[in-house]
Amino acid sequence: METLSAIARRQHEHRERTSSRLSAVLTSELLPDDLVELATYYLAKAQRDLGLTDASRRGMQRVASARGRLASAARRGLAHLSRLSGDFPTAVEAAGRLGREGRHHRVLGDVWWVQGDMERAVAAYLAGRSEAEEHGVVDETAMVQAHLAFAVSFSDPLRAGGELDLAERLLSRLSLRSSEMTARIAVLVRDAGFAADLPGRAAVLLAEIGVSGLLHRHRPLHGRPSTFRAHPARARWIDGEQQTRERWRHLVTTRRNHLATTRQAFHTCAVRWSTRRDYDRRSWTGWSAPRN
């Protein structure tokens with residue numbers, strides 16, 4: 001019962017608590033084989049969320065090697081770990097072997113956005129959403145929609161509102177804390193450059209992420225892939241670091257140009273409105289003045 005309780009509570013408590021409870025259950029060696037697989041997998045997921053990638057990888061490898069019912073999910077977990085460690089070619093290769101059961105499209109989308117290739121990320125997430133909808137997988141539909149909204153928020157902030165609304169509706173029926181955080185990060189990405197209160201909102205969200213123990217979710221809030229800062233020499237980019245930097249630079253430049261255009265348009269409208277208001281005021285004054 002402790003195993004099932006820890007798994008059920010993981011969306012509502014700090015991942016460290018989940019990790020501690022599952023570790024204790026596994027150490028007791030009292031679980032039947034099928035529950036050992038279940039506990040090992042969810043322990044590995046909690047460890048990944050806490051940034052304990054080596055321990056998480058060992059757990060995922062054990063589950064994948066056992067070839068049980070969670071083997072496909074564990075292989076997906078290994079692909080995510082490759083991405084988080086900056087080994088992107090390995091993550092793409094692993095995604096190619098996952099198939100529908102392993103949520104291959106979402107895994108690929110998660111790789112492409114880090115490369116700054118939002119077009120391919122959006123295409124992958126759209127394919128993943130369509131596949132999930134076709135097979136009636138409600139939780140995957142909601143998860144991939146949150147990721148889609150995140151990618152669109154980088155490349156097309158005007159379109160992002162609709163994607164975010166859909167993500168919110170889909171997630172409201174479920175309990176997927178990590179995906180809810182992804183959607184909230186997407187809102188910040190969409191508003192970057194537009195909202196003066198963005199730093200304060202980001203700080204609040206970072207604090208909430210820390211309380212949840214979802215440390216790997218900090219990365220997008222820094223505004224660029226942390227691999228650039230952490231271990232640039234160790235990262236294996238899909239088409240090289242320079243090309244990746246150029247794509248991110250293009251995204252930033254495009255956003256700045258959009259902001260400049262928007263502000264200029266707003267200024268022009270304000271001037272026209274002000275001029276029209278003065279004209280209307282003069283006209284009204286002239287019309288309403290007493291006539292001799």
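As the structure is a computational prediction, the values presented were derived from the model and not from experiment. What you see below is based on every heavy atom in this structure, not just the backbone, and it leaves out hydrogens, waters and symmetry mates.
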Problem - Contacts of T253 that satisfy side-chain contact (heavy atoms from CB on, under 4.5 Å) - sequence neighbours left out - result: R249, N257

Completion exercise
Residues passing the side chain to side chain donor-acceptor pair (under 3.5 Å) test with Q145, sequence neighbours excluded, are R129, E163

Fill in the blank from the handout: Here the gap from L22 atom CG to L31 atom CG, rounded to the nearest 0.5 Å, amounts to 9.5 Å

Practice task
Sequence neighbours left out, what passes side-chain contact (heavy atoms from CB on, under 4.5 Å) with E93? Give chain and number order.
Solution key: R97

Exercise for the section: Report the residues that fulfil side chain to side chain donor-acceptor pair (under 3.5 Å) with E37, sequence neighbours left out, ordered by chain and then residue number. Expected result: none

Handout entry: Crowding at CD, Q61 (>12 non-hydrogen neighbours, <6.0 Å)
Key = yes

Handout entry: Set of salt bridge (charged side-chain N to carboxylate O under 4.0 Å, His left out) partners for D239, sequence neighbours left out
Key = R247

Practice task
With the side chain counted from C-beta on, respond yes when L205 and M181 share a heavy-atom pair under 4.5 Å apart, and no when they do not.
Solution key: yes

Exercise for the section: Measure the acute angle between the ring planes of W113 and F154, then classify it against the limits of 30° and 60° as parallel, tilted or perpendicular. Expected result: parallel

Practice task
Answer yes or no: are there more than 12 heavy-atom neighbours, outside H250 itself, under 6.0 Å from its atom NE2?
Solution key: no

Completion exercise
For residues 132-143, the salt bridge (charged side-chain N to carboxylate O under 4.0 Å, His left out) pairs (sequence neighbours left out) are R103-E140, R106-E140

Practice task
Could you grab the distance from atom CD1 of I209 to atom CG of D49, nearest 0.5 Å is fine?
Solution key: 11.0 Å

Practice task
Classify the side-chain pair S212/R177 by whether it contains a donor and acceptor separated by less than 3.5 Å.
Solution key: yes

Problem - side-chain contact (heavy atoms from CB on, under 4.5 Å) between V252 and R256, worked out - result: CA-CA 6 Å; V252 172; R256 286 174 175 167; 3.7 Å; yes

Handout entry: Distance, nearest 0.5 Å, that separates CG of L206 from CG of L188
Key = 8.5 Å

Handout entry: Side-chain donor or acceptor of Y125 paired with backbone N/O of D110 under 3.5 Å
Key = yes

Practice task
Look at the side chain of S23 and the backbone N and O of S20, then say whether any donor-acceptor pair between them is shorter than 3.5 Å.
Solution key: no

Exercise for the section: Mind listing the closest non-hydrogen atom pair of L50 and G213 along with its distance? Expected result: CD2-O, 3.7 Å

Exercise for the section: Could you go through the side-chain contact (heavy atoms from CB on, under 4.5 Å) check for E208 and R184 one step at a time? Expected result: CA-CA 11 Å; E208 291 184 30; R184 291 178 62 187; 2.5 Å; yes

Show me the donor-acceptor pairs, under 3.5 Å and distance only, between side chains in residues 71-80 and residues at least two apart or in other chains.
from, atom 1, to, atom 2, distance (Å)
S72, OG, G102, N, 3.3
H80, ND1, R83, NH2, 3.1

Handout entry: Contacts of type salt bridge (charged side-chain N to carboxylate O under 4.0 Å, His left out), residue R201, not counting sequence neighbours
Key = D191, D197

Problem - Whether S85 side chain and S82 backbone form a donor-acceptor pair below 3.5 Å - result: yes

Fill in the blank from the handout: In this structure, CG of L81 is separated from CZ of R48 (nearest 0.5 Å) by 6.5 Å

Practice task
Work out which heavy atom in R255 is nearest to a heavy atom in A192; give both atom names and the distance.
Solution key: NH1-O, 2.9 Å

Exercise for the section: State, to 0.1 Å, how close P89 and W237 come at their nearest heavy-atom pair, and which atoms those are. Expected result: CG-O, 4.3 Å

Practice task
Might you confirm whether atom CD of E16 has over 12 heavy atoms from other residues, nucleotides or ligands at distances under 6.0 Å?
Solution key: no

Exercise for the section: Using the rule that two of Ile, Leu, Val, Met, Phe, Trp, Tyr join whenever any of their side-chain heavy atoms come within less than 4.5 Å, decide whether V152 and L198 are in one cluster. Expected result: yes

Practice task
Return the minimal non-hydrogen interatomic distance between V63 and Y41, and the atom names on each side.
Solution key: CG2-N, 3.8 Å

Problem - Path from M143 to L174 over hydrophobic side-chain contacts below 4.5 Å - result: yes

Handout entry: Stepwise side-chain contact (heavy atoms from CB on, under 4.5 Å) test for L164 and S153
Key = CA-CA 9 Å; L164 284 163; S153 293; 4.2 Å; yes

Problem - Close side-chain approach of M118 and L251, heavy atoms under 4.5 Å - result: yes

Fill in the blank from the handout: Here the gap from R58 atom CZ to T53 atom OG1, rounded to the nearest 0.5 Å, amounts to 9.5 Å

Practice task
Inspect the contact between R245 and E241 and indicate whether a charged nitrogen and a carboxylate oxygen are less than 4.0 angstrom apart.
Solution key: yes

Handout entry: Donor-acceptor contact below 3.5 Å, side chain S56 vs main chain L52
Key = no

Exercise for the section: Considering only Ile, Leu, Val, Met, Phe, Trp and Tyr, and joining two whenever side-chain heavy atoms are under 4.5 Å apart, list the other residues clustered with L166. Expected result: L170

Problem - Closest heavy-atom pair and its distance - G128, V144 - result: C-CG1, 4.0 Å

Fill in the blank from the handout: Members sharing V204's hydrophobic cluster, built from side-chain contacts under 4.5 Å between Ile, Leu, Val, Met, Phe, Trp and Tyr, are none

Practice task
Go through the structure and list residues passing salt bridge (charged side-chain N to carboxylate O under 4.0 Å, His left out) with R57, not counting sequence neighbours.
Solution key: D54

Practice task
Look at the side chain of S28 and the backbone N and O of V25, then say whether any donor-acceptor pair between them is shorter than 3.5 Å.
Solution key: yes

Practice task
Kindly indicate whether the side chain of R159, heavy atoms from C-beta on, has any atom under 4.5 Å from the side chain of V122.
Solution key: yes

Practice task
Take T18 and Y42 through the test side-chain contact (heavy atoms from CB on, under 4.5 Å) and record every step on the way to the result.
Solution key: CA-CA 9 Å; T18 303; Y42 280 102; 5.8 Å; no

Handout entry: L26 to V36 - nearest heavy-atom pair and separation
Key = CD2-O, 3.9 Å

Problem - Between CG on residue L171 and CD on residue E180, distance to nearest 0.5 Å - result: 6.0 Å

Problem - L126 reachable from F150 in the ILVMFWY side-chain graph, under 4.5 Å edges - result: yes

Fill in the blank from the handout: Sorted by chain and residue number, the side chain to side chain donor-acceptor pair (under 3.5 Å) partners of R69 (sequence neighbours excluded) come out as none

Practice task
Find out if a path of hydrophobic residues (ILVMFWY) with successive side-chain heavy-atom gaps under 4.5 Å connects F194 to V187.
Solution key: no

